[in-house]
Every structure is written in structure tokens, then in C-alpha cells.
Enquirer: 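Here you go, one structure.
Sequence lines set the chain letters: A, B, ... in the order given, protein chains first and strands last, and positions in each chain run from 1. Quick caveat: nothing in here was measured; it's all calculated off a predicted structure.
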There are 2 protein chains.
Amino acid sequence: MNISRASDYAIRGLVYMAKKPAGTVCFVKDIAKNTNSPASFMSKIFQTLAKSGIVHSFIGTKGGFTFNTRPEDITIKMVVEIIDGPIVLNRCVINKSSCQNAGNCDVHFMWTDIQKMLSKALSSYSIADFANDTFKNKLPKSDLNFA
Amino acid sequence: MNISRASDYAIRGLVYMAKKPAGTVCFVKDIAKNTNSPASFMSKIFQTLAKSGIVHSFIGTKGGFTFNTRPEDITIKMVVEIIDGPIVLNRCVINKSSCQNAGNCDVHFMWTDIQKMLSKALSSYSIADFANDTFKNKLPKSDLNFA
DNA sequence: AATATTAAGACAAATTTTATCTTAATTTGA
DNA sequence: TCAAATTAAGATAAAATTTGTCTTAATATT
Ligand code: SF4
Ligand code: SF4
């Protein structure tokens with residue numbers, strides 16, 4: 001029940017990039033150094049981000065990465081799902097047919113409800129939010145108080 | 001970003017038990033059969049639940065498991081944490097000192113906020129809720145709509 | 001005391017995570 | 001023009017976690 005180190009690195013790497021002027025080409029080496037993460041691991045992570053299309057990669061000398069999608073449009077959920085795969089609290093929340101018990105399972109509905117909440121929370125933050133010191137709590141107060 | 005199969009089995013195993021009259025001694029074999037889960041795996045899961053204290057185990061013929069805590073008082077969060085370990089969306093949400101970057105990390109606060117929400121959601125459901133057909137959505141409407 | 005039944009605990013396979021190491025592409029400059 | 005330098009891409013591998021099974025020990029029954 002956690003995001004991977006890779007997702008943590010990816011998010012902070014993208015935030016680092018988003019702080020640069022739009023269009024800046026960034027090297028993995030610099031991204032890694034400035035985010036306290038292993039460069040070779042970060043390299044593979046950005047490889048995956050490039051495949052997904054949210055960043056563009058240039059190979060060779062003067063290569064590097066730029067955004068292919070505006071940081072404002074890259075949600076935390078997107079990043080986590082690109083790196084860790086779909087966010088699925090329990091297998092039945094993608095499609096009920098993935099579990100033979102789903103038809104008469106008592107707890108199925110809880111997972112879909114909590115998943116919805118988590119999914120929306122992760123979608124409500126963008127990379128740009130953290131790059132521009134515009135962070136603010138995007139969760140309604142009730143979310144933190146309903147206990 | 002998901003609960004383990006083991007936690008899913010544990011929750012449903014406990015719900016199965018909670019449907020029996022209070023005090024009923026249940027065999028792993030029956031619990032497993034009625035929850036569509038591998039008996040030997042369920043055995044190890046209930047071993048862990050017994051160690052945690054929420055159920056009591058009896059060894060030998062006529063052995064089995066009974067609740068040691070009322071199903072009303074066993075939250076989903078408790079079960080998941082007993083089986084999967086602490087629910088921690090990202091390492092920094094337990095204690096900031098677990099991450100050297102926490103001091104000047106842009107995204108740290110998001111994780112603590114979302115963690116609070118998730119934690120409260122999982123705490124708001126008990127095993128008894130699912131055993132007695134008393135399930136109802138315990139999340140405030142805003143949680144599902146704030147996007 | 002032998003047998004049957006049950007959970008406890010040791011062991012192991014499979015998968016996922018977290019990386020590193022090698023290769024290929026591109027630019028630069030001798 | 002071609003070697004050297006630089007950068008990402010891709011292959012490989014170690015470590016940790018998950019998902020189980022198999023063997024042992026405890027207890028009750030006959
Ligand atoms: S909660 Fe119910 S429906 Fe979902 S995976 Fe578990 S058994 Fe299947
Ligand atoms: S989000 Fe920031 S504080 Fe939390 S683990 Fe990642 S780097 Fe550390």
C-alpha cells in the first residue's frame with residue numbers, strides 16, 4: 001500500500017524540470033543530482049516517462065529531456081500509473097469480472113468507493129502545483145475530518 | 001499501490017467468521033473454502049492474525065479460531081496493517097526524518113494529506129459492517145465528488 | 001497408546017522492486 | 001572525416017516482497 005521509490009523519484013524529477021523555463025532540455029544526471037536519487041535508476045525512469053509521451057527525449061551529446069505535455073496537465077495520478085502501473089486498491093475495482101467472488105462479495109463496494117476517493121485525490125494535483133510554490137491543500141476539509 | 005491478496009483473504013475470512021454466532025470456533029479449512037482462498041495460505045494468515053491478538057487460536061482436534069476482539073471494533077485498517085504492515089503511501093508520512101529531503105521537499109505535504117484521508121477511510125469500516133448487511137457508504141459525498 | 005484433526009512454523013517458488021552495467025545514438029572538435 | 005565525449009536506451013542482475021506449500025507439533029478422541 002505505497003507508491004514505489006521510482007514514482008517518488010519520477011514526481012520529484014518532473015517537478016525539478018518544471019521549475020526551469022519552459023522548453024529547457026534537462027539531463028538525467030542533473031535531475032538525479034538535484035533530487036537525491038540514483039542517476040542510473042532515474043535514467044530508466046525517464047525512459048519510461050518518454051515512452052508514455054509526457055516527456056520527449058533527445059539522445060547523444062546535448063541530448064536530454066523536455067516536457068511534451070504541460071506540467072499543469074500532468075497529474076500525480078498519471079505519473080504514478082505510468083511508473084507503477086494502474087492504481088488498483090484491490091483487483092476487483094478495475095472490473096468486477098477479474099474476481100469470481102465479486103458477484104456476491106460483501107466488501108467489494110468498499111474498495112470501489114475508497115478507490116474512487118483516492119483516485120480523485122491523486123488526480124487533483126499536478127506537477128506544476130509543486131513547481132510554482134502554488135501548493136495548497138486540494139482536499140476538501142471533510143476528507144480530513146470525516147472520521 | 002494495492003492491498004495484498006493476503007489482506008483481501010484476511011478481511012473476507014474475518015467477515016465469514018463474524019457472520020457466525022458470537023463465540024463460534026471456526027476452522028481454517030472452512031474459512032478458506034467459504035472465501036475461495038488457498039487453505040494453507042489462509043492458515044498462515046490466521047496465524048498472523050492470532051499473533052496480533054484480534055483472534056484467539058486453539059490447536060489440535062476441535063481447535064480453530066474465535067474472535068478475541070469484537071468484529072465491531074476491528075477496522076479494515078487494522079486488518080490490512082496486521083497483514084501487510086503499516087499503510088504508508090510514501091516513506092516520509094510516518095516520520096519526516098525517514099527521508100533526508102523532507103525538510104525542503106515540495107511534495108511531502110501532499111502525501112501526508114492524502115495519507116490522512118486514506119487512513120481515515122479505512123478506519124471508518126469495521127468487519128461487522130460487512131457481516132451484518134449493514135454496509136453503507138461511510139464516505140461523505142464530497143469525497144467522491146471533489147474532483 | 002494409537003489415530004485423527006487442527007494450527008504453527010519452516011521452507012520455497014514467483015513476482016516485483018530497485019537498481020547497475022553495457023550498448024547505441026548524436027554531437028563536437030582535432 | 002573520424003575519434004572522442006556525452007547522452008539516453010536497453011539488457012542484465014541483485015534484493016526484497018508476495019504468495020504460496022510442506023512438515024512439524026499440539027490436542028482431543030477412540
Ligand atoms: S473484495 Fe471481494 S470482489 Fe474484491 S477482490 Fe476481494 S473477493 Fe473479489
Ligand atoms: S515526497 Fe519528499 S519527503 Fe516524501 S519521501 Fe519523497 S522526497 Fe522524501
Side-chain angles (χ1 to χ4, degrees), chain A residues 1-13 17 24-33 35-66 68 80-91 99, chain B residues 1-13 17 24-33 35-66 68 80-91 99:
Chain A
M1 188 74 96
N2 51 41
I3 63 157
S4 66
R5 285 286 80 208
S7 278
D8 180 88
Y9 295 153
I11 291 166
R12 292 186 300 112
M17 277 181 66
T24 304
V25 177
C26 299
F27 310 137
V28 162
K29 193 171 58 173
D30 291 336
I31 298 170
K33 188 186 298 174
T35 54
N36 262 312
S37 47
S40 51
F41 194 18
M42 194 59 116
S43 171
K44 211 163 87 63
I45 290 165
F46 266 76
Q47 201 179 127
T48 305
L49 293 175
K51 267 182 197 158
S52 82
I54 70 169
V55 297
H56 192 281
S57 71
F58 303 94
I59 213 171
T61 309
K62 298 273 182 176
F65 294 89
T66 59
N68 206 19
V80 172
E81 295 209 314
I82 288 165
I83 301 297
D84 289 352
I87 292 169
V88 182
L89 280 183
N90 204 344
R91 57 169 59 166
C99 177
Chain B
M1 187 74 97
N2 52 43
I3 63 157
S4 65
R5 285 284 83 208
S7 279
D8 180 89
Y9 295 154
I11 291 166
R12 292 185 299 113
M17 276 181 68
T24 305
V25 177
C26 299
F27 310 137
V28 162
K29 193 172 57 173
D30 290 338
I31 298 170
K33 187 185 299 176
T35 55
N36 262 312
S37 47
S40 49
F41 194 18
M42 194 60 116
S43 171
K44 210 163 86 61
I45 290 166
F46 266 77
Q47 202 180 125
T48 305
L49 293 175
K51 266 182 196 157
S52 82
I54 71 170
V55 298
H56 193 282
S57 72
F58 303 95
I59 213 171
T61 309
K62 296 274 182 179
F65 293 89
T66 60
N68 205 21
V80 172
E81 295 209 313
I82 288 166
I83 301 298
D84 289 351
I87 292 169
V88 182
L89 279 183
N90 203 345
R91 58 169 59 164
C99 177

Enquirer: Taking only side-chain N and O atoms of A:Thr61, does any of them lie within less than 4.0 angstrom of OP1 or OP2 on C:dT27?
Expert: no
Enquirer: Does a side-chain N or O from B:Ser4 land closer than 4.0 Å to OP1 or OP2 of D:dT19, or not?
Expert: yes
Enquirer: Measure the distance from CZ on B:Arg5 to P on D:dG20 and round it to the nearest whole Å.
Expert: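 These atoms are roughly 8 Å apart.
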Enquirer: Just call it for B:Phe27: base, sugar-phosphate, or nothing, with non-hydrogen atoms closer than 4.0 Å on any strand.
Expert: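 It contacts sugar-phosphate atoms only.
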Enquirer: Taking only side-chain nitrogens and oxygens of A:Lys62, does any of them come within less than 4.0 Å of OP1 or OP2 of C:dT26?
Expert: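 Indeed not, no polar side-chain atom of A:Lys62 lies that close.
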Enquirer: Nearest whole angstrom, please: distance from the C1' of D:dA25 to the CZ of B:Phe58.
Expert: 18 Å
Enquirer: Using atom NZ of A:Lys51 as one end and atom P of D:dA11 as the other, report the distance to the nearest whole Å.
Expert: 8 Å
Enquirer: Report yes if a side-chain nitrogen or oxygen of A:Ser43 is closer than 4.0 Å to either non-bridging phosphate oxygen (OP1 or OP2) of D:dT7; otherwise report no.
Expert: no
Enquirer: Quick one: is D:dT19 close enough that its OP1 or OP2 comes under 4.0 Å of any side-chain N or O from B:Tyr9?
Expert: no
Enquirer: Can you tell me the distance, in whole Å, between the CG atom of B:Asn2 and the P atom of D:dT18?
Expert: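 Taking CG of B:Asn2 and P of D:dT18, I get 9 Å after rounding.
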Enquirer: What is the distance, rounded to the nearest whole Å, between atom CE of B:Met1 and atom C1' of D:dT17?
Expert: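 Interatomic distance, CE of B:Met1 to C1' of D:dT17: 17 Å.
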Enquirer: Taking any heavy-atom pair under 4.0 Å as a contact, classify A:Ser57: base, sugar-phosphate, or nothing.
Expert: sugar-phosphate
Enquirer: Checking side chain to side chain contact (heavy atoms under 4.5 Å, CB included) between A:Cys26 and each of A:Val55, A:Thr66, A:Ile31, which is the one that passes?
Expert: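 For A:Cys26, the side chain to side chain contact (heavy atoms under 4.5 Å, CB included) test succeeds with only one of A:Val55, A:Thr66, A:Ile31, which is A:Ile31.
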